[in-house]
Amino acid sequence: MSILTRRLAPNFTLGELIASQKARELGDANLPDLEQLLNLVELARFLQAVRDYVGGPLKVNSAFRNARVNAAVGGVR
């Protein structure tokens, strides 16, 4: 099993939360460090609760950028 297909919650994978077109363009895996990963797990659990409440799917466009990707898109700290 790839780390990217790892489920952080029943309907959310690490891969979908770290997906980034800019990261792909840069050839950057956009992987979180341990603290960031724990925050993404918490986010996935929250998103799962929202999904369960509304009774339908949620589409996540972006949830995480590492420092290199964030700088490349001109993001704030």
Side-chain angles (χ1 to χ4, degrees):
M1 172 187 285
S2 165
I3 190 169
L4 299 179
T5 60
R6 182 74 182 221
R7 294 209 170 271
L8 303 182
N11 295 104
F12 297 95
T13 65
L14 177 60
E16 77 181 298
L17 295 181
I18 67 170
S20 164
Q21 180 62 39
K22 181 54 80 174
R24 282 188 291 277
E25 290 170 13
L26 294 171
D28 189 309
N30 196 37
L31 293 175
D33 64 25
L34 181 57
E35 181 179 357
Q36 294 162 336
L37 178 59
L38 294 174
N39 288 336
L40 285 170
V41 170
E42 189 174 330
L43 174 63
R45 288 178 179 164
F46 173 78
L47 291 172
Q48 185 67 49
V50 172
R51 183 186 191 281
D52 293 346
Y53 179 78
V54 299
L58 297 178
K59 177 163 175 25
V60 176
N61 292 325
S62 177
F64 174 77
R65 293 183 201 131
N66 67 23
R68 179 174 179 228
V69 175
N70 194 52
V73 299
V76 297
R77 189 174 179 318

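The first residue in the sequence is number 1, and the count goes up from there. Just so it is clear, the model here is predicted, and its values are computed rather than measured.
Remark: Thr13 OG1 to Ile3 CD1 distance equals 11.0 Å, nearest 0.5 Å. Considering CG of Leu40 and CZ of Phe12, their distance stands at 12.5 Å, rounded to 0.5 Å. Separating the CG atom in Leu26 from the CD atom in Gln21 is a distance of 10.0 Å, to the nearest 0.5 Å. Summarising the geometry, atom CZ belonging to Arg6 is positioned 10.0 Å from atom CG belonging to Leu14; distances are rounded to the nearest 0.5 Å.
Checking side-chain atoms of Asn70 against main-chain N and O of Val76 turns up a donor-acceptor pair under 3.5 Å.
Annotation for Ala44 and Ala9: closest pair O-CB, 3.6 Å, computed over non-hydrogen atoms. Nearest approach of Ile18 to Ala29, heavy atoms of both residues: CD1-O, 3.9 Å. For the residue pair Phe64 and Asn30, the shortest heavy atom distance occurs at O-ND2, 3.1 Å. Taking both residues in full, the closest heavy atoms of Leu37 and Pro32 are given as N-CB, 3.8 Å, listed atom of the first, atom of the second, then distance.
Both Phe46 and Leu17 are members of a single hydrophobic cluster when ILVMFWY side chains are connected at heavy-atom separations under 4.5 Å. Under the 4.5 Å side-chain heavy-atom criterion for grouping Ile, Leu, Val, Met, Phe, Trp and Tyr, Val41 is connected to Leu58 within one hydrophobic cluster.
Sorted by first and then second residue, the salt bridge (charged side-chain N to carboxylate O under 4.0 Å, His left out) pairs involving residues 11-30 (not counting sequence neighbours) are Lys22-Glu25, Asp28-Arg68.
With contacts defined as side-chain heavy-atom distances shorter than 4.5 Å, the pair Leu31/Leu4 qualifies.
Gln48 and Asp52 share a donor-acceptor pair across their side chains, judged by distance under 3.5 Å alone.
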In sequence, state the C-alpha distance, the side-chain angles, and the governing distance for Val50 and Leu47, and then conclude on side-chain contact (heavy atoms from CB on, under 4.5 Å). CA-CA 5 Å; Val50 172; Leu47 291 172; 5.5 Å; no

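No more than 12 heavy atoms of other residues, nucleotides or ligands sit less than 6.0 Å from atom CD of Glu42.
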